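In this text, all values refer to a predicted model and were calculated from it rather than measured experimentally. Residue numbers begin at 1 in each chain, while the letters A, B, ... track the order of the sequences.
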Amino acid sequence: MRLTRSLIPTLKENPAEAQIVSHRLMLRAGMIRQQSAGIYAWLPLGQRVLSRIAAIVRDEQNRAGVQEILMPTIQSADLWRESGRYDAYGPEMLRIRDRHDREMLYGPTNEEMVTALMRDNVQSYRDLPQMLYHVQWKFRDEVRPRFGVLRGREFLMKDGYSFDQDQAGAVASYRRMMLAYMRTFRRLGVRAIPMRADTGPIGGDLSHEFHILAPTGESGVFYDSAFEAIDLGSDSYSYERPEDLDAFFAQMTGLYAATDEKHDPAAWGQVAEADRREGRGIEVGQIFYFGTKYSETMGFTVVGPDGAKIHPEMGSYGIGVSRLAGAIIEASHDQAGIIWPDNVAPFRAAILNLRQGDAVTDGLCEQIYARLSEQDLGDQALYDDRPARAGEKFADADLLGHPWQIIVGPRGAANNQVELKRRETGERSELSLEDALVRVLS
RNA sequence: CGGGGCGUGGCGCAGCCUGGUAGCGCGCUUGUUUUGGGUACAAGAGGCCCCCGGUUCGAGUCCGGGCGCCCCGACCA
């Protein structure tokens, strides 16, 4: 993409309403614009990040054998009356009426709908287990939205649901999802730690929250420093071997990790003092096992092996996709701006033409841009072709946080040399065009 | 939902107390200049001063009522 053809409205100054760093940077980098309290439009840069996060989430769900579907945002109140949650949910639920005065709602989650789908289409234990997910916008009418996309009212979420014929199967599904989650967060370039959690309004008795460590996190967290050393979501585990899932689960839950709500001072005391870590975390995912809560209230049964009807055991699994965009920035930024992990960066590299209009730098930049955009990377390079000063281009590139900056100035360009800067480390090196491309593409 | 604050060009703000032609910085446009970390100079464009009503010869400013947004707390993926 050429910057002169892009809607990337960067801001030099901090908007007054943004208090925390991810909110400020998302506004300044032109990723989002607020439309109402807690409701945001995603501009091209933000949308790219959202897409890249969602793509990784989808890929890991698919790898884990979860099937993607797409359920609507608008749901019928009657569906929620079946589970009893229409009255239980409270003012967080956005309730609306259609032209026939039918009661509808903008879904805050989809347990009821997915249970109804299964109920209407699955009759036998032979059809289980099943795991389904979708990536869809949700709405929760928070009393006080804040922190930009970290605490919005409208948010993009991956929510998944598992259906098993017995509890052992449900626990296996739960462990499978825990592995999928750890792999997902690892690929997103963040370190998330699974913490024992309260089950909240969804109910049940087995639940973990996944927290990214960041000083601005909403919860206090306590964890064993061993989490910092192990390979979270290691590829050595296989979904195909139940013993692997058990071993993985044992590794994740064998170490102490809890949010302040679930903190257990006695157990904490068992952790060696040198290994105790306290900090703050941003919740980016949560997994629940909740048994037959919905299959019972909503009358979902299948015929079991002995001919008797059984209520499937269920679990649900969420990842906050839009929240992750903010959370990753909270965990990865510096004074100058965002530092995108390679896998979620909206553009892999920026090409900075320090003297737009100069035949030599223009030519070299076009050559690099053609290579990166048309051949090797697809649309993954942002060419700063504005007739602007060098300082402005440097500042914007740092703000937007591209992993690589390919800096083309008149000095080096004459010798086919460019400067390659790694955003994360600030490391710069003078290289030939070909060597620079090799490093960006590696 | 309790407490506090703010709505004035795209962004950040002053002006309001004490009513009298709407200002500053950044950004934007044009020209010159500069040319490796937001250059300098000059000339411009751009504002229903959140909305409605009232007071007044006259309201951004005073009064009443709405609406929106932010912050602290409680709450929350």
Can you tell which of B:G38, B:A77, B:U35 lies closest to the side chain of A:D396? B:G38
Interatomic distance at P, B:G12 relative to B:C70, whole Å: 13 Å
Starting at the 5' end of nucleotides 42-47 of chain B, put B wherever the base has a protein heavy atom under 4.0 Å, S where only the sugar-phosphate does, and a dash everywhere else. ------
Close side-chain approach of A:V149 and A:R323, heavy atoms under 4.5 Å: no
Under a 4.0 Å heavy-atom cutoff, the residues of residues 59-71 of chain A touching RNA chain B are none
What nucleotide, of B:C1, B:A77, B:C72, holds the atom closest to the side chain of A:V143? B:C1
Measuring only the C1' atom in each nucleotide, how far is B:G7 from B:G66? A whole number of Å is fine. 14 Å
Nucleotide B:C28, atom P - distance to CD of A:E13 in whole Å: 12 Å
Is B:U35 paired to anything, Watson-Crick or G-U wobble with both distances less than 3.5 Å, and if yes, which nucleotide? none
Taking the nucleotide of RNA chain B with the closest heavy atom to each, which residue, A:Q405 or A:A18, is nearer the 5' end? A:Q405
Where the side chain of A:R144 is concerned, which of B:C11, B:C26, B:C72 is the nearest nucleotide? B:C72
5' priority, RNA chain B, between A:A336 and A:N14 [closest heavy atom]: A:N14
Under 4.0 Å, counting only non-hydrogen atoms across every strand here, what does A:G357 touch: a base, just sugar-phosphate, or nothing? nothing
In numerical order, the residues of residues 34-47 of chain A whose heavy atoms come under 4.0 Å of RNA chain B are A:Q34, A:S36, A:A37
Considering only heavy atoms from C-beta outward, does the side chain of A:Y89 approach that of A:P108 to under 4.5 Å? yes
The Watson-Crick or G-U wobble partner of B:A14, with both key distances under 3.5 Å, is none
Separation between the C1' atoms of B:U35 and B:C51, rounded to whole Å: 49 Å
Atom CG of A:D384 to atom P of B:G38: distance rounded to whole Å? 15 Å
Across all strands, who's sitting opposite B:G2 as a Watson-Crick or G-U wobble pair, both distances under 3.5 Å? B:C72
Return the nearest nucleotide to the side chain of A:K12; candidates are B:C13, B:C26, B:C72. B:C26
Could you let me know what B:G46 is paired to, Watson-Crick or G-U wobble, both distances under 3.5 Å, or none if it's on its own? none
Answer with base, sugar-phosphate or nothing: what part of the nucleic acid does A:E142 contact at a heavy-atom distance below 4.0 Å? base
Mind telling me whether A:F163 and A:F300 have parallel, tilted or perpendicular rings, with 30° and 60° as the class edges? perpendicular
Grab the CZ-P distance between A:R24 and B:G12 for me, whole Å please. 13 Å
Are any non-hydrogen side-chain atoms of A:N353 and A:K393 less than 4.5 angstrom apart? yes
Only pairs with both distances under 3.5 Å count, Watson-Crick or wobble alike; so what is the partner of B:A77 in this structure? none
Side chain of A:L354 only, heavy atoms from C-beta on: which candidate in B:G12, B:G36, B:G38 is closest? B:G36
Does B:C67 have a Watson-Crick or wobble mate here (both distances under 3.5 Å), and if so which one? B:G7
Would you tell me whether A:T115 and A:E111 have side-chain atoms, one donor and one acceptor, within less than 3.5 Å of each other? no
